[in-house]
Asker: 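Pasting a structure below so you can have a look.
Lettering of chains follows the sequences in order, A, B, ..., and the numbering in each one begins at 1.
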There are 2 protein chains.
Amino acid sequence: MDDGVQFSEGSSEAIAHRLALAIHEHRLPPGAKLSEDEVGEIFGVSRTIVRAALQRLGHDRLVTLKRNRGAFVSQPTPREAREVFEARALLEPRTARSAAQRATPKDIALLTRHIEAEHSALHAGEPGKALRLSGQFHIELARIADQDTIRDFIIQLVARSSLIIALFWRRRQALCESGAHDALLRALAAHDGDSAEELMKGHLLDLVSSLDLRNAPAPAYTLSEALAQR
Amino acid sequence: MDDGVQFSEGSSEAIAHRLALAIHEHRLPPGAKLSEDEVGEIFGVSRTIVRAALQRLGHDRLVTLKRNRGAFVSQPTPREAREVFEARALLEPRTARSAAQRATPKDIALLTRHIEAEHSALHAGEPGKALRLSGQFHIELARIADQDTIRDFIIQLVARSSLIIALFWRRRQALCESGAHDALLRALAAHDGDSAEELMKGHLLDLVSSLDLRNAPAPAYTLSEALAQR
DNA sequence: GCGGACAAGATCGTATACAATCGTGTCTGC
DNA sequence: GCAGACACGATTGTATACGATCTTGTCCGC
């Protein structure tokens with residue numbers, strides 16, 4: 001199950017997409033430097049294209065652009081992490097409710113296959129892919145809710161959540177496997193908006209509580225602070 | 001009362017900012033073409049900079065980029081208009097509540113001056129400026145609520161709302177003058193989160209109901225549809 | 001007179017070249 | 001041995017030139 005969307009191969013969108021994919025799957029860790037020359041050489045395009053792609057990712061806060069320094073995969077702060085999940089808590093439960101009300105049999109079938117893919121990836125020892133699919137599940141819900149604008153926001157928040165998980169993940173808690181998505185699917189299939197909303201609310205709280213925002217102070221803000229600790 | 005932020009004069013951010021300002025104040029109407037050469041000449045920079053600025057605005061959906069055609073000030077569809085205000089309805093009431101809980105005397109003073117500026121602009125016959133300030137009021141609330149992430153979303157939604165108002169405004173209903181902001185200010189000053197949340201909810205509903213999403217089908221999606229009506 | 005093909009102009013898309021800036025290594029004077 | 005200044009290398013910032021694509025005006029055949 002890969003994303004249906006395809007771009008013209010060498011376009012800036014295509015490159016942004018592939019970079020985002022790598023970040024989602026934790027192949028590019030927070031803090032990794034994305035040199036324009038390097039990226040351009042890898043994809044066989046000029047820096048012009050790479051710059052556009054990086055700017056786009058920068059706007060989504062997936063990478064941080066430092067003037068005259070370059071682009072780096074973002075390292076969300078604990079504060080940012082909290083805010084991202086607070087925003088999700090405002091947007092997603094109500095969206096899940098709408099999705100439950102609007103879901104068609106076709107949607108249910110698609111989500112069923114999606115969850116199966118999540119499980120497969122996890123059992124196939126591809127936690128990165130599982131994580132990405134897990135995020136896409138949330139995006140699918142927004143699509144089913146027929147809310148393009150909110151969906152765009154959720155796409156952004158899910159992407160940043162992936163970075164947050166990379167940094168603040170408490171432990172390999174088999175979280176993806178918690179069955180939250182299965183429960184949501186059942187609520188959707190039953191067109192039970194109330195349950196869907198509550199399940200999503202709980203799911204997001206579970207996610208936050210699986211993070212350790214206290215003891216893992218994002219690998220340094222200015223580096224001077226990083227070493228001022230003791 | 002101008003925005004404190006200033007950029008390095010000819011940077012892409014500065015140009016994006018100035019273009020956004022013009023759009024906010026309805027000096028650039030929906031549909032207006034933003035030619036790279038033209039904009040570059042006006043600001044005295046090369047197309048490279050202009051492209052970056054336009055891409056940024058495109059990402060915020062303030063302008064629509066058409067391949068090999070150019071950039072145009074966006075023309076939100078009725079559907080988009082509805083979605084934007086649905087998103088605002090999810091984000092802003094709760095944010096207003098937080099703002100009420102956190103507002104300091106300094107914040108209250110600032111908002112008071114802000115509202116005065118709104119009134120002044122309106123009475124000075126500058127409805128564009130009044131509209132922009134009115135939007136900024138909502139953004140200030142998100143700042144007071146200390147929610148940067150949600151604030152970014154609201155900035156985007158307010159900007160798009162300005163376009164929506166330009167297109168679907170039912171009538172010169174003295175809406176800005178409805179006193180909703182004054183009431184919100186009072187709730188904030190009293191640290192009354194419940195009232196603030198309810199007032200914001202009502203304010204957004206008022207805004208939506210002042211639009212005519214039915215009879216004003218955004219000056220054409222593809223133009224073929226625009227004329228297929230009768 | 002009308003429809004389609006063709007060509008010219010305009011505009012955007014991309015690559016490359018040059019300038020500016022920053023980080024870092026080295027060298028000198030103390 | 002150390003602090004400061006200097007200079008070099010690397011990387012990004014910006015401008016410009018060239019190529020691709022689309023629009024539009026014109027011409028020819030019907």
Side-chain angles (χ1 to χ4, degrees), chain A residues 5-19 28 31-75 219-227, chain B residues 5-19 28 31-75 219-227:
Chain A
V5 198
Q6 284 305 328
F7 308 97
S8 45
E9 190 58 34
S11 76
S12 104
E13 288 198 338
I15 288 170
H17 186 72
R18 296 210 23 202
L19 286 174
L28 279 172
K33 172 156 193 188
L34 303 172
S35 155
E36 295 183 355
D37 275 325
E38 199 174 349
V39 175
E41 204 160 327
I42 290 170
F43 291 106
V45 295
S46 97
R47 281 177 48 217
T48 308
I49 310 292
V50 176
R51 280 183 72 79
L54 291 177
Q55 258 183 287
R56 186 199 172 101
L57 294 175
H59 196 279
D60 286 338
R61 311 258 183 178
L62 232 63
V63 310
T64 301
L65 301 163
K66 301 185 183 176
R67 186 177 177 91
N68 288 316
R69 294 286 310 280
F72 303 82
V73 178
S74 290
Q75 307 191 5
Y221 315 94
T222 57
L223 186 58
S224 66
E225 296 177 3
L227 304 177
Chain B
V5 198
Q6 283 305 328
F7 308 98
S8 44
E9 190 56 33
S11 75
S12 103
E13 287 198 338
I15 289 170
H17 186 72
R18 297 211 21 203
L19 286 175
L28 279 172
K33 172 155 193 187
L34 303 172
S35 156
E36 294 183 355
D37 275 324
E38 198 174 349
V39 175
E41 205 160 327
I42 289 170
F43 291 105
V45 296
S46 94
R47 281 178 49 218
T48 308
I49 310 291
V50 177
R51 282 182 70 78
L54 291 177
Q55 257 183 289
R56 186 199 173 100
L57 294 175
H59 194 279
D60 286 338
R61 311 258 185 181
L62 232 63
V63 310
T64 302
L65 302 161
K66 301 185 182 177
R67 187 180 177 88
N68 288 316
R69 294 284 310 281
F72 303 81
V73 178
S74 291
Q75 307 191 7
Y221 316 93
T222 57
L223 186 59
S224 65
E225 296 176 3
L227 303 176

Asker: If you measure from the Lys or Arg side-chain nitrogens to the Asp or Glu carboxylate oxygens, is any gap between Glu38(A) and Lys33(A) under 4.0 Å?
Answerer: no

Asker: Return the 5'-most residue of the pair Lys33(B), Thr48(B) with respect to DNA chain C, ranking by each residue's nearest nucleotide.
Answerer: Lys33(B)

Asker: Quick one: Arg47(A) CZ to dA19(C) P, roughly how many Å, whole number?
Answerer: 15 Å

Asker: Could you state the CG-C1' distance from Asn68(A) to dG9(D), rounded to the nearest angstrom?
Answerer: 15 Å

Asker: Ignoring hydrogens, what is the shortest heavy-atom contact between Ile15(B) and Ala53(B)? Give both atom names and the distance.
Answerer: CG2-CB, 3.9 Å

Asker: Rounded to the nearest Å, what distance is computed from the CG atom of residue Asp37(B) to the C1' atom of nucleotide dT16(D)?
Answerer: 12 Å

Asker: Which whole-number value in Å describes the distance from Phe43(B) CZ to dT14(D) C1'?
Answerer: 17 Å

Asker: Measure across Asp37(B) and Arg47(B) and return the closest heavy-atom pair with its distance rounded to 0.1 Å.
Answerer: OD1-CD, 3.3 Å

Asker: Among the candidates dT14(C), dA15(C), dA17(C), find the nucleotide nearest to the side-chain atoms of Val45(A).
Answerer: dA15(C)

Asker: Is there a side-chain contact between Ser46(B) and the phosphate of dA15(D), meaning an N or O under 4.0 Å from OP1 or OP2?
Answerer: yes

Asker: What's the shortest heavy-atom distance between Ala71(B) and Leu65(B), and which atoms?
Answerer: CB-CD2, 3.6 Å

Asker: Is Arg69(A) close enough to dG23(C) that one of its side-chain N or O atoms is under 4.0 Å from OP1 or OP2 there?
Answerer: yes

Asker: Could you state the atom-to-atom distance from CD of Glu36(A) to P of dT14(C) in whole Å?
Answerer: 16 Å

Asker: State, to 0.1 Å, how close Ser74(B) and Val63(B) come at their nearest heavy-atom pair, and which atoms those are.
Answerer: OG-C, 3.1 Å

Asker: Verify the contact: side-chain N or O of Arg51(A) to OP1 or OP2 of dG13(D), cut-off strictly under 4.0 Å; return yes or no.
Answerer: yes

Asker: Which listed nucleotide (dA15(C), dT11(D), dT14(D)) is nearest to the side chain of Ile49(B)?
Answerer: dT14(D)

Asker: Please give, in whole Å, the distance from dG23(C) P to Arg67(A) CZ?
Answerer: 13 Å

Asker: Without decimals, in angstroms, what is the distance between Gln55(B) CD and dC12(C) C1'?
Answerer: 12 Å

Asker: Given atom CD of Glu41(A) and atom C1' of dT11(D), what is their separation to the nearest angstrom?
Answerer: 14 Å

